[in-house]
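Take a look at the structure below.
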Protein chains: 2
Amino acid sequence: MSPTKLTYFNVSGLGEGIRYLLHYGGVDFEDERITKEEFPGWKDKLPLGQLPVLDFEGRTLYQSMSICRFLAKRFHLTGQDEWDTLKCDIAIDTIADIASAITPSADETDEEAKKAKKAAALTKINFLTEKLEEQLANNDGHFVDGQLTWSDLMFAALYPTLLHRAGGEDIFAERPLLKALKAKVDALPAIKAYLDKRPPVPY
Amino acid sequence: MSPTKLTYFNVSGLGEGIRYLLHYGGVDFEDERITKEEFPGWKDKLPLGQLPVLDFEGRTLYQSMSICRFLAKRFHLTGQDEWDTLKCDIAIDTIADIASAITPSADETDEEAKKAKKAAALTKINFLTEKLEEQLANNDGHFVDGQLTWSDLMFAALYPTLLHRAGGEDIFAERPLLKALKAKVDALPAIKAYLDKRPPVPY
């Protein structure tokens with residue numbers, strides 16, 4: 001079997017969900033972290049000119065969410081039936097909505113417009129995190145029916161990136177169940193072992 | 001069995017993929033199309049304050065991509081094995097990247113900034129549609145290995161919305177295989193029957 005290798009930057013971002021899933025699944029892999037300066041040398045060799053890519057069982061996997069979805073199924077992290085899988089996907093899509101609510105304000109250069117966009121994004125994020133918090137309350141602290149699924153892992157993996165992109169706002173300050181879920185996932189033995197040896201990341 | 005009902009606006013947007021999939025799957029459903037003026041009366045009753053929602057087998061499904069993914073599995077439109085499903089997901093994510101490449105320029109109000117953002121978005125879109133075109137060339141005109149999957153249906157359903165959001169640019173002008181795929185999906189008997197009786201939509 002050809003070796004497994006993840007290539008991405010040394011940040012959480014789009015790669016951390018893949019790292020969490022590979023560690024959870026007990027996959028021995030090379031966690032290659034390249035610099036922004038090295039990236040131009042990579043770009044033309046990449047299927048969509050983007051990182052992350054995952055070399056896995058002789059194939060090059062790309063599109064981060066597609067990779068995560070593939071690994072989640074491999075490691076039986078999509079729940080017991082089609083309804084669980086749907087609940088899981090809804091949580092995943094809602095977490096992605098939080099990430100993209102932040103983007104427009106992060107990309108804005110005009111200060112006044114940035115302030116207005118950030119306020120609008122934070123209102124939306126507040127609403128969405130409240131809904132996720134309710135989902136945890138109704139499912140014994142997980143997104144799906146008291147079970148560990150990849151939506152839990154993805155939330156924990158994306159947590160620092162969501163905070164980073166919110167530009168210093170603690171968007172989870174009043175969300176005790178979301179914070180508890182982050183702590184619970186990070187305390188899983190395979191995840192804890194990874195986090196203990198992970199190189200320092202800016203976010 | 002409780003009746004199936006899709007509620008959305010009278011546009012393609014986030015609802016058309018669901019409509020294509022339900023028609024493809026032979027589901028008898030109410031295709032409710034509300035106006036923007038009616039929406040405030042709905043908002044507070046919706047799981048995430050957003051449309052579309054789908055009443056299906058006694059449950060209310062939300063998050064449009066999660067709904068589509070659920071229906072795709074129901075109707076066996078995710079390929080033969082996990083690798084096919086991955087290829088399908090990669091196409092789906094890439095189509096979503098095209099849609100979101102357009103958004104920042106569509107939302108910009110400053111004319112100069114809008115022009116620059118639109119040019120950057122079109123460069124990215126050109127690159128991504130070229131990659132999708134290659135994927136069709138390598139898979140007998142489908143995204144996955146000569147088979148019809150939900151990625152084909154989603155592309156066809158989203159086609160007018162992508163064109164609309166590109167603000168008049170024919171982003172598929174030099175993509176004969178993508179255009180042929182759109183025509184092939186729309187000629188499927190169940191889809192053709194739907195399109196023949198669909199109310200006029202602005203996009």
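In what follows, chains carry the letters A, B, and so on, assigned in the order in which the sequence lines appear, proteins first and then strands, with residues in each chain numbered from 1. The figures here come from the full heavy-atom set of this structure, side chains too, leaving out hydrogens, waters and symmetry mates.
- Proximity to chain A (any heavy atom under 4.5 Å) is restricted, for B:F127, to the side chain, taken from C-beta onward.
- Counting heavy-atom pairs closer than 4.5 Å to chain A, the top residue among B:R69, B:M65, B:K131 is B:R69.
- No more than 12 heavy-atom neighbours from other residues, nucleotides or ligands sit within 6.0 angstrom of CG on A:D28.
- By the 6.0 Å contact criterion, NZ on B:K36 is open, its count of non-hydrogen atoms from other residues, nucleotides or ligands being 12 or less.
- No more than 12 heavy atoms of other residues, nucleotides or ligands lie within 6.0 Å of NZ in B:K192, so this atom counts as exposed by the packing criterion.
- Within 6.0 Å of atom OH in B:Y62, more than 12 heavy atoms from other residues, nucleotides or ligands are found, so the atom counts as buried in its surroundings.
- Here the CG atom belonging to B:L48 is positioned 10.0 Å from the CG atom belonging to A:D93, to the nearest 0.5 angstrom.
- Under 4.0 Å is where a charged nitrogen must lie from a carboxylate oxygen, and between B:E82 and A:K73 no such pair does.
- Heavy-atom distances place the side chain of A:L128, and not its backbone, under 4.5 Å from chain B.
- In this structure, the side chains of B:T85 and A:F70 stay at 4.5 Å or more apart for every pair of heavy atoms.
- For a residue to count as touching a neighbouring chain, one of its non-hydrogen atoms must lie under 4.5 Å from one of that chain's; by this rule B:S64 does not touch chain A.
- Within a 6.0 Å sphere centred on CD of A:E174, other residues, nucleotides and ligands contribute 12 heavy atoms or fewer.
- The closest side-chain heavy-atom distance from A:Q63 to B:D89 is not below 4.5 Å.
- With a 4.5 Å cut-off on non-hydrogen atoms, B:L61 touches chain A through its side chain but not through its backbone.
- In terms of heavy-atom pairs under 4.5 angstrom with chain B, the leader among A:G49, A:S66, A:A113, A:P47 is A:S66.
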